[in-house]
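All figures in this text were calculated on a predicted structure; none of them were measured in a lab. Positions are given from 1, in the same order as the sequence printed here.
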Amino acid sequence: MSKSLRLKSFQPEEEYVYLTYSLKNDKKEESKILLENYKHLLQKALDWLWERTKIERKEVKGKKVTKIKITLPKKKEVYKTLRDELEKINNLASHYVDKAINDAYSILKGWKRRAEKGQASLRKPTLRKVYVRIKSTLRKVEGESVRITVRPFEYVTFSWSHTWFSRRVEELELGEPIIKEDKVHLPFRYKLPWFTPLDFLSIDSNLYTLDAYDGGKFVTFSIKELYSLKFGMELKRSKIQSFASKHGRKGKELMEKYSHRERNRVLDYVHKFVNKLLEMYPLTVFAVEKLNKQSMFQDADDKLSKKISRTVWRSIHRVLKYKAPLYGSFLKEVNPHLTSKSCPRCGWVSRKVGRTFHCERCGFTLDRQLNASLNIYLRMCGFPHLFFTPTGSRWVGVIPLKGRRGMNGATPRDSGEAQRLRIDIKYYEIL
């Protein structure tokens with residue numbers, strides 16, 4: 001027991017970020033053999049496991065609800081048998097059999113998680129576009145190219161020597177390449193330098209703004225132009241969908257082309273926004289809400305649901321989480337429950353929902369969105385609203401909320417002070 005508690009080193013553990021770049025697949029004929037054979041292996045593994053998957057339906061007592069329980073075959077018990085079955089039909093290197101089994105389990109586990117929540121049907125998952133992630137034992141890096149084993153003594157080689165990102169990855173280590181029909185994705189591993197974050201920034205995500213608090217002032221980032229871009233694309237999409245429904249294959253190709261363009265334009269805006277944000281706040285801990293759009297749709301009317309569907313909060317959070325370590329920062333997700341309804345001073349929860357939050361217990365008043373960012377800041381730091389001492393309770397607060405904190409109902413002086421500390425930054429100023 002004492003040995004397991006010993007520290008091997010006082011140095012922090014090494015952390016890495018994977019930077020992924022894409023190549024056009026110029027070896028389609030060679031990679032087609034790999035993709036078709038691997039799809040056959042994966043489908044066989046999926047069928048074999050599906051036959052041994054148990055689905056049970058149980059009715060909850062007192063409620064008209066049926067609970068679904070799905071039991072997958074244990075991997076340790078069936079692995080050898082399944083591997084022997086797949087080896088009989090395998091036309092590739094033996095390592096692809098292990099990969100197909102792992103991918104089949106990954107597909108079924110994802111389906112199980114969704115099906116038990118009622119988000120997926122109870123039918124067998126279907127394979128669509130198959131890709132192959134190449135294990136380290138099946139690839140060999142030679143200079144600025146990677147040689148991939150298809151069969152024993154049969155290889156396919158991809159090179160990135162004359163690409164736009166070749167200089168960026170000169171000293172980086174290649175991970176596991178991903179081969180698709182039209183593209184090859186190359187993940188390169190970047191070792192993160194060790195930094196200690198110096199600042200904190202909590203962000204409340206809203207329809208048209210991101211309201212943030214950095215421990216000394218409030219900052220509002222306007223993303224209304226991004227929302228307008230999504231709204232305009234939605235109008236175009238409705239016209240293209242009506243055209244696609246009447247023109248078969250031609251309409252389907254047009255719809256795919258437009259969807260690809262829409263996704264690229266939105267991601268371009270998001271990446272520029274995140275880059276500028278990280279330049280403004282390096283070495284920072286970012287706190288964002290762990291949002292779930294599905295639960296928001298349940299509590300919203302049709303008009304608000306349409307507005308929520310146009311937001312790209314998760315994309316912003318995902319890109320920020322991906323890029324923050326490159327600037328010595330990292331992202332932390334907090335529970336958004338009651339962040340806009342709770343008083344950051346005394347912890348009282350308001351039942352009223354309005355533009356301005358007003359605490360009926362201590363009189364604290366603040367804009368609802370700024371109040372949410374303040375509570376996210378407190379949750380990020382792990383502060384409770386109150387802690388108890390021998391002389392009584394004492395409030396744990398943050399820098400700008402200074403002044404009288406009496407509980408006698410008097411209006412505190414700090415409300416106007418907090419409002420004056422708000423800084424507005426327009427979206428076009430960031431880009």
Side-chain angles (χ1 to χ4, degrees), residues 16 18-51 73 75-76 78-111 124-166 168-190 256 260:
Y16 297 89
Y18 284 89
L19 306 175
T20 304
Y21 300 96
S22 299
L23 286 175
K24 184 178 180 181
N25 189 349
D26 55 354
K27 305 288 181 64
K28 290 187 178 181
E29 293 299 325
E30 294 87 341
S31 58
K32 186 177 180 181
I33 298 172
L34 173 60
L35 290 170
E36 288 180 353
N37 283 278
Y38 184 76
K39 183 177 181 180
H40 184 56
L41 272 178
L42 184 57
Q43 186 65 59
K44 181 69 177 179
L46 195 62
D47 294 341
W48 196 91
L49 292 172
W50 179 258
E51 292 175 359
K75 193 173 182 179
K76 291 183 179 179
V78 302
Y79 192 88
K80 188 177 183 303
T81 307
L82 177 56
R83 196 181 192 286
D84 293 339
E85 289 290 328
L86 295 181
E87 280 289 3
K88 297 177 182 178
I89 61 169
N90 182 32
N91 294 321
L92 302 172
S94 295
H95 286 280
Y96 288 106
V97 174
D98 302 313
K99 184 63 182 168
I101 295 174
N102 292 333
D103 285 352
Y105 265 101
S106 179
I107 292 170
L108 287 175
K109 286 179 181 178
W111 164 80
K124 181 176 65 176
T126 57
L127 297 179
R128 297 180 181 176
K129 292 184 178 181
V130 177
Y131 62 88
V132 185
R133 185 187 295 273
I134 307 300
K135 296 172 63 176
S136 58
T137 54
L138 294 169
R139 61 116 175 100
K140 182 179 180 181
V141 179
E142 299 174 339
E144 293 187 335
S145 62
V146 56
R147 191 188 72 179
I148 295 169
T149 303
V150 179
R151 295 170 181 159
F153 306 106
E154 291 187 18
Y155 311 100
V156 56
T157 304
F158 297 98
S159 175
W160 62 88
S161 60
H162 298 291
T163 57
W164 64 273
F165 59 85
S166 58
R168 294 189 180 185
V169 299
E170 284 180 355
E171 299 180 358
L172 303 185
E173 181 184 350
L174 179 66
E176 298 182 347
I178 300 173
I179 299 179
K180 296 184 178 180
E181 293 180 1
D182 55 344
K183 287 186 178 181
V184 178
H185 300 282
L186 303 174
F188 291 89
R189 193 168 73 165
Y190 172 73
E256 290 179 356
H260 185 72

> How many angstroms lie between NE2 in H95 and CG in D98, if you round to the nearest 0.5 Å?
Replying inline: 7.0 Å
>> Nearest 0.5 Å, please: how far is CG in N25 from NE2 in H185?
In response: 10.0 Å
> With a 3.5 Å cut-off and no angle check, do the side chains of Y96 and N37 form a donor-acceptor pair?
Replying inline: no
> So, do D26 and F158 sit near enough that their side-chain heavy atoms are less than 4.5 Å apart?
Replying inline: yes
> What residue pairs, at least two apart or across chains, pass side chain to side chain donor-acceptor pair (under 3.5 Å) with a residue in residues 141-166?
Replying inline: S159-S161
> Going from NZ on K88 to NZ on K44, what distance comes out if it is rounded to the nearest 0.5 angstrom?
Replying inline: 9.0 Å
Would you mind writing out the side-chain donor-acceptor pairs for residues 170-183 within the sub-3.5 Å range, not counting sequence neighbours?
residue	atom	partner	partner atom	Å
E173	OE1	R189	NH2	2.8

>> Among N91, N90, D103, which residue satisfies the side-chain hydrogen bond (donor to acceptor under 3.5 Å, both in side chains) criterion with Y38?
In response: D103
> Do the side chains of L82 and L49 get nearer than 4.5 Å, heavy atoms only?
Replying inline: yes
>> Other residues, nucleotides and ligands only: do more than 12 of their heavy atoms fall within 6.0 Å of NZ on K75?
In response: yes
>> Does K99 have more than 12 heavy atoms from other residues, nucleotides or ligands lying within 6.0 Å of its NZ?
In response: yes
>> Measuring from atom CG of L86 to atom CG of L92, what distance do you get when rounded to the nearest 0.5 angstrom?
In response: 11.5 Å
> Between P125 and L46, which heavy-atom pair has the shortest distance, and what is it?
Replying inline: O-CD2, 3.5 Å
> Does the pair D84/K80 count as a salt bridge with the N-to-O cut at 4.0 Å?
Replying inline: yes
> Where does the angle between the aromatic ring planes of F165 and Y21 fall among parallel (under 30°), tilted (30 to 60°) and perpendicular (over 60°)?
Replying inline: parallel
> Is any side-chain heavy atom of I107 closer than 4.5 Å to a side-chain heavy atom of L42?
Replying inline: yes
> How far apart are the C-alpha atoms of H40 and I89, what are their side-chain angles, what is the distance that settles it, and do they pass the side chain to side chain contact (heavy atoms under 4.5 Å, CB included) test?
Replying inline: CA-CA 9 Å; H40 184 56; I89 61 169; 3.9 Å; yes
>> Enumerate the side chain to side chain donor-acceptor pair (under 3.5 Å) contacts for residues 124-138, please, sequence neighbours excluded, ordered by first and then second residue.
In response: D47-K124
